Q: 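Quick one: this structure, given as structure tokens, is what I'll be asking you about.
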Amino acid sequence: MKAVRLVKPGQPLVLFELPIPAAGPDDVLVRVRAAGICHSDVHYRAGVSPVYPLPMTLGHEVAGVVEQVGAHVRRLTPGDRVVLHYLVTCGSCIYCAGGSEQFCAEGKMLGHYTDGGFAEFIAVPERNALILPDEVPFEGGATLMCASATALHALRKGRLKGGETLAVIGIGGLGLSAVQLGRALGAREVYAVDTQPAKRALAARYGAQPVDPAQGDPADQIRQMTGGRGVDVSLELIGLPLTMRQALRSLAPMGRAVVVGLCDRPLEIDTYRELLGPEAELIGSNDHLLHELPLLLEYARTGILDLSQVVSRTVSLEAQAVNAALDELERFSAGVRTVIVP
Ligand SMILES: [Zn+2]
Ligand SMILES: [Zn+2]
């Protein structure tokens, strides 16, 4: 089979001819029909985020059709349309058993620590493959497995309840999903903060109130728009101390700020005014969980989560096309969503 792999960080990905992976007794072999190219893949290729062992087939946003099942597989049969949960775990440790499998010591992310979906086939444990409803195309299904899933997890970490208000800071793929999912979870009002007019306009199309940082401190603007109260939940999706602090300062009393953007710099806060006094919570959120995905797929099936704006183009499984898509992501950072269709 063909597979596009990272051989050396800082170098373009390379097309390999490899044997089709063998599915173990608990695994399914999936014929890849769509694999999303994510901003994380840019970091992997550049060596910003280490990938091992090398060479590695990248690709963690995968949808396809079950080709073959192992002897112990009961739930899935060949021909089933599936999407893949990208974290492959042991399935039996205290974290896996408790539904917090992202802390499994044996956890391996597809396309990062174990071969991913930039290939014609991929083998994964049966529990990592979820049925993709017929209403959801493979391309949209693949991208659900990363940004949308992470947005849903963040909203769940923030314990957003019906009738509450939400601020989303940073409207990329994650933010656009968060706006729609926030409304699906019952947010009364959603405020969307982004410096780019096109992104604010897109968020507004999904019912959010746009907030332009050029018009003044977004936290002050949100406070004004909420009659001085602030929001119940804020999501920070950018990864800057400045926007993290804005997320905290946008909160109403007993509000929850969820930090999702990656950042390696310290965050300074006014502990009394911003945290203790209002009994605010600052919450970290990372990735997402297998048991959150059925709800997400149901939102996509029923159109509550609209995927029509997510995928901007498709490319074939060729090293040159995939590298060009990564170059584009590296240059423009957002607004481009390319999916490989082998
Ligand atoms: Zn991704
Ligand atoms: Zn485990």
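Whatever order the structure lists ligands and atoms in, that order sets their numbers, starting from 1. Fair warning: this is a prediction, and the values are worked out from it, not measured in the lab. For the single chain, residues carry numbers from 1 onward in sequence order.
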Q: Please calculate the SG(Cys93)-the Zn ion (ligand 2)-SG(Cys104) angle and round it to 10 degrees.
A: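 Cys93 SG and Cys104 SG form an angle of 120° at the Zn ion (ligand 2).
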Q: Any carboxylate oxygen within less than 4.0 angstrom of a Lys/Arg side-chain nitrogen, looking at Glu135 and Arg301?
A: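 Looking at Arg301 together with Glu135, the answer is yes, because their closest N to O distance falls below 4.0 Å.
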Q: To make sure I understand the geometry: which N, O or S atom in Glu61 is closest to the Zn ion (ligand 1)?
A: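 When I compare the N, O and S atoms of Glu61, OE2 is nearest to the Zn ion (ligand 1).
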Q: Measure the CG-CD1 distance between Leu262 and Ile238 for me, rounded to the nearest 0.5 Å.
A: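 Spacing of CG (Leu262) from CD1 (Ile238) equals 12.5 Å.
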Q: Do any N/O/S atoms of His39 come under 2.8 Å of the Zn ion (ligand 1)?
A: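 Given the 2.8 Å cut-off, His39 does not count as a ligand of the Zn ion (ligand 1).
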Q: Would you mind checking if Arg74 and Glu126 are paired as a salt bridge, meaning a charged N to carboxylate O distance below 4.0 Å?
A: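 Looking at Glu126 and Arg74, the cut-off is not met.
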Q: Mind checking whether Val62 and Leu76 sit in one hydrophobic cluster, side chains of I, L, V, M, F, W, Y counted as touching below 4.5 Å?
A: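 Yes, one cluster joins them.
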Q: Report the angle formed at the Zn ion (ligand 2) by atom SG of Cys90 and atom SG of Cys96, rounding to the nearest 10°.
A: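 Vertex the Zn ion (ligand 2), arms to SG of Cys90 and SG of Cys96: 110°.
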